[in-house]
**Student:** 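So that we are looking at the same thing, I have put the structure below in structure tokens.
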Amino acid sequence: MFMQAVDMSVSNREREQKRRLQHFLADLAILGSLQGFRYFQPWLRGKEELLLTVVNEDLGWRSPGFPVSVASSFTSSTCSSSYSLDSDYDSSPLPGEGPQPKPRLQPPQAPRQQANKSNDSHLVPASPSEEEIAVPEMNCTLFLLAGYAKYGRPYAWIRSNHERLVNIGGTDSLVKDTPMKLKSITDWVLTSQGTRVWDVVNELVGLCTMPPPDNPFTLDMRYLQTLPLPERFLVTGALLNFLEMIVVQGSHEEPFYDMVVKEMKPLRRLHFQSLVELHRLRGVKSRSPSLPDSSDDQ
């Protein structure tokens, strides 16, 4: 009886873990369909993977209409930074948890230890870093977010500019493909609620973008306004849905919460303005004279 109870408990935990992972993958799919953020651009790649391009330095960067470009260069001076993580991928403090590091005012921190093959070193992604064909935009770093069924939980890997964020101690592919140790990922394991995809994005933007933005989900309204009318209507509607998810289902204690609420006002205005323009355009088309029926001439 005791063994049956243990087996049942393990089975229940596995089912719950699978359910939570499917929930995370659903969030991943929604995020992967979006465009128009100022500090990052997602690109869904399959059912379990999402590439996330994150801005290195906020230089008034405008979000592209596509996530990656083979014409980009890694040699830009904006890609260099004295800011670094510990070699075991510890994450930076989240907004509200303490002062953020200021890389231009402080000398580079000496690594406390060299990177080594930790217990997570065998958790390589399905697409290894050395085989990555996507290239980040200039002044950006590429990350891979994934929720592989074989691992049973989300993970995040750095796909470019490893030397900017971690002291990897060499070019060993196994070290490069070691998952990042993020607070948001740890919370997914330790809490029953589970981390949502925007929690991971928030941490990665705060970790990568200098200076760390107060609202990682700031929109590039100028870019959205340049989209063709039908696409603008669809894109703004999808963004509204995502931001509403953050507001309704996310934590009200997050420092960016009020700013996301504020961000939704001009977005909603643009969305409904696009809807009115679409209706007006369709009305004009429906009232336009059609070609006479040939049967009328007979």
Side-chain angles (χ1 to χ4, degrees), residues 5-32 40 42 44-52 54 85-98 112-113 115-129 143-159 162 165-166 168 174-208 216 245-246 248-257:
V6 171
D7 291 341
M8 184 176 298
S9 177
V10 172
S11 177
N12 289 339
R13 283 200 302 269
E14 290 178 349
R15 268 199 305 270
E16 176 62 16
Q17 188 173 6
K18 288 180 180 179
R19 185 193 67 80
R20 291 170 57 202
L21 183 60
Q22 288 303 315
H23 200 179
F24 183 86
L25 290 176
D27 285 349
L28 208 66
I30 293 174
L31 177 64
F40 66 90
L44 191 65
R45 188 166 68 178
K47 294 189 296 184
E48 297 180 319
E49 291 186 342
L50 179 138
L51 289 174
L52 192 72
V54 181
L85 293 177
D86 293 337
S87 57
D88 60 351
Y89 296 86
D90 289 339
S91 67
S92 65
L94 292 178
E97 292 187 347
R112 287 182 289 198
Q113 62 181 51
N116 51 54
K117 295 178 177 62
S118 64
N119 294 333
D120 290 337
S121 61
H122 64 287
L123 300 173
V124 296
S127 47
S129 179
F143 296 91
L144 171 67
L145 306 185
Y148 299 125
K150 65 178 180 178
Y151 294 155
R153 53 176 285 189
Y155 280 105
W157 292 266
I158 304 176
R159 308 303 281 174
H162 295 78
L165 297 177
V166 296
I168 60 176
L174 193 59
V175 175
K176 285 188 174 183
D177 284 327
T178 299
M180 303 176 69
K181 288 185 177 179
L182 301 175
K183 181 182 181 299
S184 53
I185 299 297
T186 301
D187 288 345
W188 192 93
V189 177
L190 298 180
T191 63
S192 59
Q193 296 295 328
T195 292
R196 304 301 293 267
V197 70
W198 54 78
D199 297 317
V200 183
V201 172
N202 171 43
E203 186 168 4
L204 289 177
V205 172
L207 175 70
C208 183
M245 287 174 59
I246 297 178
V248 175
Q249 303 174 29
S251 172
H252 294 197
E253 303 301 320
E254 291 289 356
F256 58 78
Y257 178 85

**Student:** Any heavy-atom pair between the side chains of V200 and F143 that's under 4.5 Å?
**Tutor:** no
**Student:** Just verifying a value: how many Å separate L190 CG and I185 CD1, rounded to the nearest 0.5 Å?
**Tutor:** 11.5 Å
**Student:** Which heavy atom of L25 sits nearest a heavy atom of G147, and at what distance?
**Tutor:**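 Scanning both residues, the minimum pair turns out to be CD2-O, 3.5 Å.
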**Student:** Under the 6.0 Å and 45° cation-pi test, does R20 pair with W188?
**Tutor:** yes
**Student:** Determine the minimum heavy-atom distance between A149 and E48, stating which atoms define it.
**Tutor:**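 Of all heavy-atom pairs spanning A149 and E48, the closest is N-OE2, 3.1 Å.
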**Student:** Are W198 and P216 side-chain neighbours, meaning at least one heavy-atom pair lies under 4.5 Å?
**Tutor:**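 With C-beta onward as the side chain, the pair stays apart.
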**Student:** State the NE2-CG distance between H23 and L28, to the nearest 0.5 angstrom.
**Tutor:**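 If we round to the nearest 0.5 Å, H23:NE2 and L28:CG are 12.0 Å apart.
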**Student:** Between CE of M180 and CG of L204, what distance do you get to the nearest 0.5 Å?
**Tutor:** 5.5 Å
**Student:** When rounded to the nearest 0.5 angstrom, what distance separates CG in L51 from CG in L44?
**Tutor:** 9.0 Å
**Student:** If I compare all heavy atoms of Y257 with all of S251, which pair ends up nearest, and what's the gap?
**Tutor:**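 Looks like CD1-O, 3.7 Å.
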**Student:** Can you measure from OG1 (T195) to CG (L182) and round to the nearest 0.5 angstrom?
**Tutor:** 9.5 Å
**Student:** Picking from I30, D27, N202, L50, what satisfies side-chain contact (heavy atoms from CB on, under 4.5 Å) with V197?
**Tutor:**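 So the option named by the test is D27.
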**Student:** For L21 and P154, work out which heavy atoms get closest and say how close.
**Tutor:**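 Distance-wise, the nearest heavy atoms are CD1-N, 4.1 Å.
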**Student:** Show your working on side chain to side chain contact (heavy atoms under 4.5 Å, CB included) between F256 and I246 and close with a plain yes or no.
**Tutor:** CA-CA 10 Å; F256 58 78; I246 297 178; 3.9 Å; yes
**Student:** Tell me the closest heavy-atom pair linking E49 and A146, and the distance in Å.
**Tutor:**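 Residues E49 and A146, closest heavy atoms: CG-CB, 4.2 Å.
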**Student:** Counting only heavy atoms not in K47, do more than 12 fall under 6.0 Å of its NZ?
**Tutor:**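 Atom NZ in K47 is not packed in, count stays at 12 or less.
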**Student:** Evaluate the criterion side chain to side chain contact (heavy atoms under 4.5 Å, CB included) for residue pair D199 and E254; output intermediate values, then yes/no.
**Tutor:** CA-CA 10 Å; D199 297 317; E254 291 289 356; 4.1 Å; yes
**Student:** When the ring planes of W157 and Y155 are compared, do they come out parallel, tilted or perpendicular, using 30° and 60° as the limits?
**Tutor:**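 Taking Y155 first and then W157, their aromatic rings sit tilted (interplane angle of 30° to 60°).
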**Student:** F40 and L52: which non-hydrogen atoms are nearest, and at how many Å?
**Tutor:**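 Distance-wise, the nearest heavy atoms are CD1-CD1, 3.6 Å.
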